[in-house]
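Okay, structure first, notes after.
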Amino acid sequence: MKKRVAILISGGGSNMVALARDMAGDHPARPVLVMANDPAAAGLARARDMGIDAAAVDHRPFRGDRAAFEAALMARLQEAAPDILCLAGFMRVLTEGFVARWQGRMLNIHPSLLPKYRGLDTHARALAAGDAEHGCTVHEVTPALDDGPILGQARVPVLPGDSPADLAARVLVEEHRLYPAVLRRFASGDRRPILTP
Ligand code: GAR
């Protein structure tokens, strides 16, 4: 039986597209739902174009009531009965209660070499620190922000004159390789990390 995967996004969804494209043929999983917290998220249309069910639960009417927002999210998710939840550029912090419901089955991609630079503005922070390398991490989601067992990491060089946007673009190329590779492994029950030199 193929694992059922739901993907949560907030924006363009390029990582979602990379994951969904990979889930074909002998891949142990299939995408069953893409959800966004913003009805205007461009990734929703991209998912529908790929034939994947897509839905939004707008977080704004909940006015900061994260538990109520997550209850609405959970209700729609449960209709799709996913085995695995992938956060792919999902920019809402999830409560401990939600994370507990999915623990061991929820992955996230973060644009830094964790444990460095949890949170936002990772590329600018790597540049400000004068780092010689930067990258991205896929990890299991646990209640602490951008924490949890590391399932994969890919590195890129920081080049002279890089802007945060330059660095973000270089990292994104690696995100699109790393996340599908990790999901493929994870969905087959293998949790050994994928670490590039
Ligand atoms: C990606 O770079 C992802 O790593 C980052 O948002 C971008 C989403 O791009 N995620 C975070 O910063 C999570 N805290 P995408 O919508 O094109 O996949």
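Whatever order the structure lists ligands and atoms in, that order sets their numbers, starting from 1. As the structure is a computational prediction, the values presented were derived from the model and not from experiment. For the numbers below, each heavy atom of this structure counts, side chains included, while hydrogens, waters and symmetry mates do not. We count residues from 1, following the sequence as given.
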Q: Could I get the full list of ring-ring contact (aromatic ring centres under 6.0 Å, His included) partners for His134, not counting sequence neighbours?
A: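 Partners of His134 under the ring-ring contact (aromatic ring centres under 6.0 Å, His included) test: His123.
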
Could you list each N/O atom of ligand 1 together with any protein N/O atom closer than 3.5 Å, one pair per line with the distance?
from: ligand 1; atom 1: 2 (O); to: Glu175; atom 2: OE1; distance (Å): 3.1
from: ligand 1; atom 1: 2 (O); to: Glu175; atom 2: OE2; distance (Å): 2.9
from: ligand 1; atom 1: 4 (O); to: Glu175; atom 2: OE1; distance (Å): 2.7
from: ligand 1; atom 1: 4 (O); to: Glu175; atom 2: OE2; distance (Å): 3.3
from: ligand 1; atom 1: 16 (O); to: Gly13; atom 2: N; distance (Å): 2.8
from: ligand 1; atom 1: 17 (O); to: Ser14; atom 2: N; distance (Å): 2.9
from: ligand 1; atom 1: 17 (O); to: Ser14; atom 2: OG; distance (Å): 2.6
from: ligand 1; atom 1: 18 (O); to: Ser14; atom 2: N; distance (Å): 3.3
from: ligand 1; atom 1: 18 (O); to: Asn15; atom 2: N; distance (Å): 2.9
from: ligand 1; atom 1: 18 (O); to: Asn15; atom 2: ND2; distance (Å): 3.0

Hey, is [X] close enough to [Y] for a salt bridge, meaning N to O under 4.0 Å?
{"X": "Asp190", "Y": "Arg184", "answer": "no"}
{"X": "Arg170", "Y": "Asp162", "answer": "yes"}
{"X": "Lys2", "Y": "Asp83", "answer": "no"}
{"X": "Arg92", "Y": "Glu70", "answer": "no"}

(Q) Checking Asp147 against Thr142: is there a side-chain donor and acceptor pair closer than 3.5 Å? (A)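 No, Asp147 and Thr142 have no side-chain donor paired with an acceptor closer than 3.5 Å.
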
